[in-house]
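Here's the structure, in structure tokens; my notes come after.
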Amino acid sequence: MRSAALAILTSLALAACAVAPPAPAPAPRASGDLPSPQQAADNFAAVVRKVEPVAERFCQAETPRQNCDFLITVDTTRRQPPNAFQTVDRAGRPVIVLTVALVAEVRNRDEMAFVLGHEAAHHIRGHIPRQQQSAVAGAVLGGILASIGGAGADAVRTAQDIGASVGARAYSKEFELEADALGTLIAYHAGYDPVVGAEYFNRIADPGNVFLGTHPPNDQRIETVRRTAAGLN
Ligand SMILES: [Zn+2]
């Protein structure tokens, strides 16, 4: 039952965000940097216990009409790259899913707290519905532009696909930075150091500032965390 639900969630993953860009793989590093499997599992359980109530408090304060009863879980169904995403189940309950590879790769509890805070922030700020609205608007605009150009039905359909893609990605960097800022606050109030947590970005592949890239450059994300955390002191 549980794994079936997770399999469905996994197929929805692309609609949501990812902490880590899907490719390329992170640079090799000494395995001594990483926690043991037991430590990684303990880190995950401990951080969930502390971050979840804080995330729910932020959610209820900012968006009391939303479902704020977070379910935080690990996708163990198949081999997935290090990744985390947020989605909602059919009942509207917000779900945060980390892949096993991410749980294993996160080096300490500060990093784990930051990842969870970031994903919770996507839900609190309504990024999935906002992203979908943006995608629809992009598709409509793409179709209109193709019609003006006198394109045939096939060309219009193609333009709609492209339009949807452009619309969906246009807000993505903004959403990621917004989630980094709110995730910083959630991690901090759960008792963790978000600046240490954001060190995770120093170890993953930097997507750079590529046109239409879905993730902001890593240094931009770290800067957002530092600025937000500085405001807490
Ligand atoms: Zn994200």
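We're numbering straight along the sequence, starting at 1. Whatever order the structure lists them in is the order used to number ligands and atoms, beginning at 1.
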Gap between atom CD of Q80 and atom CZ of F85 - 0.5 Å precision: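 If I round to the nearest 0.5 Å, the distance is 7.5 Å.
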Can you measure from CD1 (I96) to OG1 (T73) and round to the nearest 0.5 angstrom?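 Reported to 0.5 Å precision, the distance equals 11.0 Å.
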Report yes or no: does H127 have an N/O/S atom closer than 2.8 Å to the Zn ion (ligand 1)?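 So H127 does not bind the Zn ion (ligand 1) by this criterion.
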Near the Zn ion (ligand 1), is there an N/O/S atom from E176 that is less than 2.8 Å away?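 Here the distance criterion (N, O or S atom, under 2.8 Å) is met by E176, so yes.
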Is it true that E52 and R57 make a salt bridge, defined as a side-chain N closer than 4.0 Å to a carboxylate O?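 Looking at E52 and R57, the cut-off is not met.
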Decide salt bridge (charged side-chain N to carboxylate O under 4.0 Å, His left out) for E199 and R107; before the verdict, give the C-alpha distance in whole Å, the side-chain angles of both, and the deciding distance to 0.1 Å. CA-CA 9 Å; E199 287 292 310; R107 236 185 247 175; over 6 Å; no
Degrees at the Zn ion (ligand 1) between the NE2 atom of H118 and the NE2 atom of H122, nearest 10°: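 Between NE2 of H118 and NE2 of H122, the angle at the Zn ion (ligand 1) is about 90°.
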